[in-house]
Amino acid sequence: MSQGFEASIEVDESLLGNDDSDYASSGYETSTQSLSSSVYDYIFENGRRYHAYFGVDKNPLPTDEAEQNRMDMYHEIALQLYDGRLHLAPLKEPQRILDIGTGTGIWAIDMADAYSEAEVIGIDLSPTQPGWVPPNCRFEIDDAEQDWTFQPDSFDFIHARNIAQGVSDWPRLVSQAYRCTKPGGYVELSEVGQTAFCDDGTMADDNPIKVYLEILTDAMTKFGRPPVGDNTLKENLESAGFVDIKTDKKKEPIGPWAKDKRLKNVGAMTLLNGEEAFHSYGMMAFTRILGMETEAAEKLCRDAVQAMYNKNHHIYFCK
């Protein structure tokens, strides 16, 4: 059963009480101040560090410390969106859990703490996970698009979040997840769309965020990894053989413009996250895939970041 979008987000009119367009003018603080040795091989472009071990095109996002901090912040955003829940699947005493594209491992570690009797495995292209983890959690360096070595029917729960930029073949990936999920088990896929939305007409066609995302979509489509559409994940799950598929859509405001307290907090964190995210998602796509000059690509990123801080633009992503 599918659920539609949440209702339109009500704007906090108190933020609009002066003529200035930025959040700081309204008293809202937005500053961040208040294995084998070969798996550590990287390439450096545009001042960022990128994955190389499984191929320089496997992951178009950087793997440096700034990106790791951004991913950890996004984990907190996701927790806020889902009222502190690590998952939506109705798990009951899971024994084995797999996290695909675990990144810094923060979700896997939290799951290991939440389900202390379960074995939690996180896999990723790069060794960006901490060494000190719960005893029931471990990490492996692996490419989820290659043949899985896990036994059939071996996981109660398989999870993946925000991995679309690294996936070229969703049907194959989901089919392997189906093979490795126990009967009665669950797979949960969560992706933020690559489209900007607005309910009240405050996003013009030339808004830098909208322009940025449109160009990013062109780049990723050319790269063979188009954005995940509304039904992409559901259709792939159905084709693989999964049943009782449920979808849940959340609005993720860009900036603390929402009246709802929870969404205001989400928006504030998304604002800070965006300071790194636009650069992380855009630079390789714009320069290596589209052939842009570095200066032009940097400007696209800067303009999008600057546009986030305009409190009169009530823009959100959909997750």
> Among T102, I109, I106, which one satisfies side chain to side chain contact (heavy atoms under 4.5 Å, CB included) with Q129?
Replying inline: T102
N-O pairing of [X] and [Y] below 4.0 Å:
| X | Y | value |
| --- | --- | --- |
| E214 | K210 | yes |
| K222 | D218 | no |
| R49 | E67 | no |
| E188 | R161 | no |

>> Do L213 and F286 sit in one hydrophobic cluster, given that two such residues count as connected whenever their side-chain heavy atoms are within less than 4.5 Å of each other, even indirectly?
In response: yes
> Are F197 and Y316 close enough that their ring centres sit under 6.0 Å apart?
Replying inline: yes
Is there a donor-acceptor pair closer than 3.5 Å between any side-chain N or O of [X] and the backbone N or O of [Y]?
| X | Y | value |
| --- | --- | --- |
| D64 | R48 | no |
| N136 | Y115 | yes |
| E191 | I163 | yes |

How about [X] and [Y]: do any of their side-chain heavy atoms sit closer than 4.5 Å?
| X | Y | answer |
| --- | --- | --- |
| Y186 | P90 | yes |
| L189 | V174 | yes |
| K234 | E238 | yes |
| I215 | M292 | yes |

>> Please determine whether the number of non-hydrogen atoms from other residues, nucleotides or ligands lying under 6.0 Å from atom CD of Q146 exceeds 12.
In response: yes
>> Counting neighbours of CZ on F54 that are heavy atoms of other residues, nucleotides or ligands and sit closer than 6.0 Å, is the number greater than 12?
In response: yes
> Looking only at heavy atoms, which two atoms of V167 and R225 are closest? And how far apart?
Replying inline: O-CG, 3.3 Å
>> Could you report the tightest heavy-atom contact between V266 and I77, atom names first, then the distance?
In response: CG1-CG2, 4.1 Å
>> For the CZ atom of R70 and the OH atom of Y281, what is their distance to the nearest 0.5 Å?
In response: 4.5 Å
